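The structure under discussion appears below in the form of structure tokens.
We count ligands from 1, going down the list as the structure has it; atoms in each ligand are counted the same way. Heavy-atom basis, side chains included; hydrogens, waters and symmetry copies ignored. None of these values were measured; they are calculated from a predicted model. In what follows, residues are counted from 1 in the order of the sequence shown.
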Amino acid sequence: MSEIRTSLFSGQSVIIAKDRLKRPMKSEKTNYEIEINEYEEDCPFCMGNEDQTTQETFRIEEDNKWVVRSCYNMFPIITPDYELSKKHEFFINSDGCGVHEVLVDTYRHNGHFFNMSTHEFELLFTMYKDRYCDLIDDEDIKYISLFKNFLRNSGASMAHPHSQIISLPIIPKDVLEEVNNCKIYFEENNKTLHESVIEYERRANKRIIHESENFIVLAPFASIYSGEISIINKSNEKFENISSENIKEISLIFKNLFDKMNVVYGVIPFNIYLHSHPNYDDCEEYYNWHIHIVPRKYNHGGFEIATGVFVNSTSPEKIAKLFKY
Ligand SMILES: [Zn+2]
Ligand SMILES: [Zn+2]
């Protein structure tokens, strides 16, 4: 069982998950060595090795074979099988109640975001939506975290391309701060902060990478990571309501962005993560979901850990110029 503890000083939460240490590190490769074979015998996420995983939660099949599938994480950060009990003693803590699933991005062991087709991204986003909708349909759950690690430097322990989804009984501090700032802005200006940022960035025309009908791709003004990119949904609809047309549109954006990233950097470690509405009703009008893409070329130093202030060695304007299409 894991436990969530929240610091009285910073409001920052930590999940104490002792069992995670038992997970095997299957990815022995270095960061820039990519997988060659479409199938690996000892990989639990490869087609034919389904019995090496826990219970399946979703799959899409083509020609009677699965192409994407999800299952419970064998070494979860958080587990669902006990009562949610908040213990308010001196320190703030609660049981780590929630669900942790692994989403296999593609049946191809050697597949990754730098070589996936637009159709493969569509299948992936369809799975993201399905798992998201399923996990958020629980009143004890306050937030769903959907994210991906690619290669060792980004935190990936398995070589086979996969994403993860975790439902949480708390709203993480970073998300809560974003949502609260958006709420204050909306109350003062009667439009979302994202809407205003988009209008400003169109006028400034220095950090926009691409704009489509329903999404805008930016190098954020105050990017804390070098090479950071955001894809912002222009409307304030919730992620669980994303239409199949919008899935097509964002899949094409991913295809083009990662093709471009391959040209600029080659295949590199990265994280992507969704920032979406917490699981309460009234936040829909003032928040726009968005996806952060963070290349992990550099590690953080002591200054970042000491102060929470990041040093970014590449200007967002330069990133926008490099990636614009
Ligand atoms: Zn595999
Ligand atoms: Zn965000």
- Give the minimum heavy-atom separation between Met116 and Glu120, together with the two atoms involved.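 So the minimum-distance heavy-atom pair works out to CA-OE1, 3.3 Å.
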
- Item | Nearest heavy-atom neighbours spanning Met47 and Tyr39 |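 Distance-wise, the nearest heavy atoms are O-CE1, 3.3 Å.
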
Residue [X] atom name (nearest to the Zn ion (ligand 2); N/O/S):
X: His275; result: ND1
X: Glu178; result: OE2
X: His292; result: NE2

- Will you find, in the side chains of Asn236 and Asn288, an N or O donor that is under 3.5 Å from an N or O acceptor?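 Asn288 and Asn236 do not have a side-chain donor-acceptor pair below 3.5 Å.
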
- Query: Between Tyr185 and Tyr286, is the ring centre distance below 6.0 Å?
  - Reply: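 That pair fails the under 6.0 Å test.
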
- Query: Between Phe270 and Phe114, does the ring centroid distance fall short of 6.0 Å?
  - Reply: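 Yes, close enough.
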
- State the count of protein N/O/S atoms located less than 2.8 Å away from the Zn ion (ligand 1).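 Count of protein N, O, S atoms less than 2.8 Å from the Zn ion (ligand 1): 4.
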
- Should Phe215 and Phe323 be regarded as members of a common hydrophobic cluster, given that ILVMFWY residues are connected when their side-chain heavy atoms come within less than 4.5 Å of each other, either directly or indirectly?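 Shared cluster, yes.
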
- Can any side-chain N or O of Asn189 pair as donor or acceptor with the backbone N or O of Lys191 at less than 3.5 Å?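 No, Asn189 side chain to Lys191 backbone: no donor-acceptor pair under 3.5 Å.
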
